[in-house]
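Encoded as structure tokens, the structure appears first; notes follow it.
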Amino acid sequence: MPSRLSDAFRAHPQQQLKHPDFTSLHELPDSYAWNQRDDPSPETFATESVPLVDLNDPNALQGIGHACKTWGIFQVNNHGISTSLLDMVEHTCRSLFSLPVHQKLKAARSPDGVSGYGFARISSFFPKLMWSEGFTIVGPPDEHFRQLWPQDFSYHCDVIKEYKEEMKKLAGRLMWLMLGSLGIIAKEDIKWAGPKADFKEASAALQLNYYPACPDPDRAMGLAPHTDSTLLTILYQNSTSGLQVFKEGAGWVAVPPVPGGLVINVGDLMHILSNGSYQSVLHRAMVNRSHHRLSSAYLYGPPSTVEISPHPKLVGPTHPPLYRPVTWNEYLHTKAKHFNKALSSVRVCVPLNGLGDVNEQNNSVTVG
Ligand SMILES: C=C1C[C@]23C[C@H]1CC[C@H]2[C@@]12CCC[C@@](C)(C(=O)O1)[C@H]2[C@@H]3C(=O)O
Ligand SMILES: O=C(O)CCC(=O)C(=O)O
Ligand SMILES: [Fe+2]
């Protein structure tokens, strides 16, 4: 049987935690109180900010290359995704998460499944709970959406379908910009991009996130520090800020929403493909006392059976391959088991400068 993305978690069933009705909580329960949040010093915010790249700019490729090398994350505008589509996706998210808890639970993610409503998958690695709800979509959302909205599920299915199609095109474009900035420019350099080099067979997951307003935001965590297991992720965030990224030497830096902009981050598979030139970025989401926050992450990777390895153009006698080949499915298994040690578990060779993976050092929370 062909291996699909949705099969990746069968071997790692997750116990479903009971979801609270956040609106009924007026105090932060102890199970949600994070002690060691490792907050940035106030001056951190002022000095550095994540680059913004205009995709219509003829120098976009250079801008992206620099951003990937120094930050592992950047924002884009003039990306071609219409504001009306982004508004519709936001409306679908809002409609989904404002359903009564019992209704949302009808579409709960099954313990060995990948799609559906639930806590963030990484929850099991942290001793405290996260102040958020999520909905993961892999493949067509029809069955779950029918449970959520018996009347108008087909409208919401259409919105998600169109969004996924548009995101896929943008992701393919971004892939060539990122690869181009590494000197990988020929169609033949990435065979799995297909005969038209349009990454038609790529696979992806869509993660909708909802962060309710929180009575004690300074002690809560919306989504704990993690890197995405992707080649790249395209994140849409509504007008409420909350995303932060970890930058060596600067600490946690906020990524404020840019109107009409999208956030692009480097994932673990791009880290591997680029042989560590573009490092996956550690990021987290914080919460807010007065405003709820919505985000949607398009998690983009290769077809699930394609092996990703350091690109031959980037390895040589002085640059040995640092990672062994892995499929996305295999990597997701590894991540489900080892979480922030996943990248080093597929490492084959210590780099010449002797530094470890950035991901491993910065998680202040003990991984179970
Ligand atoms: C294809 C993917 C990628 C997943 C797992 C699976 C479906 C859901 C994705 C996320 C989304 C939220 C953060 C993350 C860390 C999580 O907990 O679930 C992601 C994870 C990964 O990038 O590893
Ligand atoms: O909500 C955010 O800003 C971050 C979401 C995220 O990191 C994810 O879904 O992987
Ligand atoms: Fe993420």
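Sequential numbering from 1 along the given sequence is applied to the chain's residues.
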Worksheet entry | Interatomic spacing from CG in Leu179 to OH in Tyr278 - rounded to 0.5 Å | 8.5 Å

The criterion is salt bridge (charged side-chain N to carboxylate O under 4.0 Å, His left out); which residues satisfy it with [X], sequence neighbours excluded?
X: Lys247; value: Glu48
X: Arg94; value: Glu90
X: Arg324; value: Glu330

For residues 54-61, which side-chain N or O atoms pair as donor and acceptor with protein atoms under 3.5 Å away, sequence neighbours left out?
{"residue": "Asp54", "atom": "OD1", "partner": "Asn56", "partner atom": "N", "Å": "2.8"}
{"residue": "Asp54", "atom": "OD1", "partner": "Asn78", "partner atom": "ND2", "Å": "2.9"}
{"residue": "Asp54", "atom": "OD2", "partner": "Asn78", "partner atom": "ND2", "Å": "3.4"}
{"residue": "Asp57", "atom": "OD1", "partner": "Asn59", "partner atom": "N", "Å": "2.7"}

Could you give all pairs that pass the salt bridge (charged side-chain N to carboxylate O under 4.0 Å, His left out) test and reach [range], with sequence neighbours left out?
range: residues 20-31; value: Asp30-Lys128
range: residues 160-186; value: Glu166-Lys169
range: residues 177-196; value: Asp189-Lys313

Pairs flagged by ring-ring contact (aromatic ring centres under 6.0 Å, His included) wherever [range] is involved - sequence neighbours left out:
range: residues 52-83; value: none
range: residues 157-185; value: Trp176-Phe199
range: residues 296-317; value: none

Worksheet item: Parallel, tilted or perpendicular for Phe145 and Phe135, by the 30°/60° rule?
Response: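 Tilted, since the angle between the ring planes falls between 30° and 60°.
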
Fill in: Residue list, ring-ring contact (aromatic ring centres under 6.0 Å, His included) with Tyr210, at least two apart or on another chain
Phe97, His292

Worksheet entry | Test ring-ring contact (aromatic ring centres under 6.0 Å, His included) applied to His156 - qualifying residues, sequence neighbours left out | Trp149

Practice prompt. Could you tell me whether the side chains of Tyr323 and His271 share a donor-acceptor contact shorter than 3.5 Å?
Written response: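 There is such a pair (donor and acceptor under 3.5 Å, judged by atom type) between the side chains of Tyr323 and His271.
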
Discussion item. A quick test of your reading: do over 12 heavy atoms of other residues, nucleotides or ligands sit less than 6.0 Å from CD of Gln62?
Written reply: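 It does: Gln62 CD has more than 12 such atoms within range.
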
